[in-house]
Amino acid sequence: MDSVISDLDVLDRQLAHALQIDGRAPFSRIAAAVGSSDRTVARRYHRLRSAGALRVVALPEGRSLGFVDWCVRIQCTPDASVAIATALAERDDTSWVGLASGGTEITCITRARAGSAQGSMLLSKLPRTPRITAVTAHCMLRAVAGTAGWPGRTAALDERQIAQLSRPPVAPPARDVALTAADHRLFAVLATDGRAAVRDLTAATGWSESTVRRRIDELHAAGVLYFDVDVEPRLYGFTHEAVLWLTVAPAELGAVAEALAGHTEVAFAAAVTGPSNMMVCVVARDADALYDYLATRIGALPGVRAAETMPVTRHIKRSGRLLVPPATADGRPRGTGTPGGGR
């Protein structure tokens, strides 16, 4: 990230919020909503994106396409964590690859075909090495918070501005969407840049510009394609991220899920399989704020029997495709490959 961007001002935050509402909204529509000029909004966006501070991605919604997501936890020795996490990040079937607990644990989300007897294919690709000391996989049953973006970045616009930027409702297709090879090429470009120019999308798909625009609208209306915005929370003044693994009494899962959905500290939460049956990604301003959240918000939830807190120390990959191979521990970029360096 460009060191000159130390935080986001009001216009930056409004822009990030606007893009969460509509990832492909024209700069002119955003400018009209926030009371700025087209040129200023476009310049802000390109500055933030070129610095790696903000990125819009458009991604396929796995559940609607017959996939399930798994959260994989990999305990390893600290000297191996960066290399293993980097190799995981380079895979197209992973997202949210991060180092936690001082580099002794890696977490990532991976996708598998629903009903597959093998579950996540990622597990069979992990190297057999004593540097990996334990692996657990949790099937994500239901997302319960954060599906519309972290609340910390969706508080910059008022209701009038949100209504002005929101697309008119589009009726979903009358039948299930059948994906083509061209759709998958479309997905590949949008996973790198959700605001890719229409000419780039026509080149990738072979479609006309009108077909590209219509197909994106169809896929979005059908719930097959969604937009997300990657922004570093520290640019909003939030310096601490953590993953909480909650053990919740089954009868209280609904109540806990409802409560988490109302917590501004929660970036994402999902009910998962395993002894810890709720995964919660939390963003806090500092260590004291994280303590207060655990003690006063999580501690007050009925049915929470235990809570494991894993501080996230570094993100190797967030959502979307990896743009540049992350550096190894010595700062040199890696080539591509499967975990452990194999092809």
Side-chain angles (χ1 to χ4, degrees), residues 11-12 14-67 92 95 111 148-149 157 161-231 318-324:
L11 181 57
D12 293 333
Q14 290 177 326
L15 174 58
H17 189 172
L19 292 172
Q20 185 69 54
I21 296 169
D22 183 355
R24 293 185 67 85
F27 291 131
S28 58
R29 186 148 59 93
I30 297 175
V34 302
S36 185
S37 70
D38 303 10
R39 188 172 181 178
T40 297
V41 170
R43 186 170 62 247
R44 287 297 185 97
Y45 169 78
H46 291 299
R47 174 175 176 263
L48 292 170
R49 191 179 190 282
S50 63
L54 178 149
R55 179 164 69 126
V56 179
V57 293
L59 303 168
E61 208 296 314
R63 193 175 293 269
S64 67
L65 298 176
F67 289 88
D92 285 340
S95 60
R111 183 160 288 178
L157 301 174
Q161 291 169 315
I162 292 171
Q164 191 172 348
L165 286 161
S166 299
R167 289 189 179 193
V170 177
R175 57 179 182 273
D176 291 341
V177 174
L179 297 183
T180 66
D183 286 320
H184 290 290
R185 294 194 296 270
L186 177 73
F187 289 157
V189 177
L190 292 176
T192 299
D193 181 6
R195 291 184 64 85
V198 172
R199 64 178 178 274
D200 295 329
L201 299 176
T202 61
T205 60
W207 295 333
S208 67
E209 291 190 1
S210 60
T211 300
V212 165
R213 293 189 177 94
R214 184 172 63 251
R215 188 58 169 169
I216 290 176
D217 288 342
E218 289 174 350
L219 294 171
H220 188 261
V224 174
L225 184 73
Y226 71 96
F227 290 88
D228 199 7
V229 179
D230 279 349
V231 187
R318 292 181 183 267
S319 56
R321 282 195 163 186
L322 199 63
L323 296 181
V324 179

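Looking only at side-chain heavy atoms (C-beta outward), Q161 and H17 stay at 4.5 Å or farther from each other. Put simply, the side chain of L19 reaches to within 4.5 Å of the side chain of Y45, judged on heavy atoms. The closest side-chain heavy-atom distance from D228 to R318 is not below 4.5 Å. By the 4.5 Å heavy-atom criterion applied to side chains, V177 and E218 are not counted as neighbours. Counting only heavy atoms from C-beta outward, the side chains of V34 and L15 never approach each other to under 4.5 Å. Using a 4.5 Å cut-off on side-chain heavy atoms (C-beta onward), L201 and I216 make contact. Residues L219 and L179 are in side-chain contact: their nearest non-hydrogen atoms beyond the backbone lie under 4.5 Å apart.
Between F27 and H46, the ring-plane angle classifies as perpendicular under the 30° and 60° cut-offs.
For the pair S319 and D230, the tightest heavy-atom approach, listed with the atom from each and the gap, is OG-OD1, 2.9 Å. Across all non-hydrogen atoms, the minimal contact from A33 to L165 is CB-CG, 3.8 Å. What you find for V224 and S64 is that their closest heavy atoms are CA-OG, 3.7 Å. The two atoms that bring R215 and L186 nearest to each other are CG-CD2, 4.5 Å, heavy atoms only. Shortest non-hydrogen contact noted between V229 and A16 is CG2-O, 4.2 Å. Summarising the geometry of Q20 relative to F227, their closest heavy-atom pair is NE2-O, 3.8 Å, with the distance given to 0.1 Å.
With hydrogens and angles disregarded, no donor-acceptor distance shorter than 3.5 Å links the side chain of R111 to the backbone of D92. Of the possible polar contacts, none joining the R55 side chain to the R49 backbone as a donor-acceptor pair under 3.5 Å is found. For the pair R213 (side chain) and S208 (backbone), a donor-acceptor distance under 3.5 Å is absent.
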Next item on the list: Would you check, one step at a time, whether the test side-chain contact (heavy atoms from CB on, under 4.5 Å) holds for V198 with R24?
Entry: CA-CA 11 Å; V198 172; R24 293 185 67 85; 3.8 Å; yes

Item checked: side-chain contact (heavy atoms from CB on, under 4.5 Å) assessment of Q164 paired with I21 -> CA-CA 10 Å; Q164 191 172 348; I21 296 169; over 6 Å; no

Notebook entry, point to check: After noting the C-alpha distance and the side-chain angles of R167 and D217, does the key distance pass the salt bridge (Lys or Arg N to Asp or Glu O under 4.0 Å) rule?
Noted result: CA-CA 10 Å; R167 289 189 179 193; D217 288 342; 2.6 Å; yes

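Scored by the side chain to side chain contact (heavy atoms under 4.5 Å, CB included) test, T180 finds A182, D183, W207 as partners (sequence neighbours excluded). Applying the side chain to side chain contact (heavy atoms under 4.5 Å, CB included) test to S28 and every residue at least two apart in sequence or in another chain returns P26, D38.
At a threshold of 4.0 Å, the pair D22-R29 counts as salt-bridged, since one of the basic side-chain nitrogens sits closer than that to a carboxylate oxygen.
Remark: L225 CG to L65 CG distance equals 9.5 Å, nearest 0.5 Å. Atoms CZ and OG, from R43 and S37 in turn, are 6.5 Å apart once rounded to the nearest 0.5 Å. Between D200 atom CG and T202 atom OG1 the span is 7.5 Å, to the nearest 0.5 Å.
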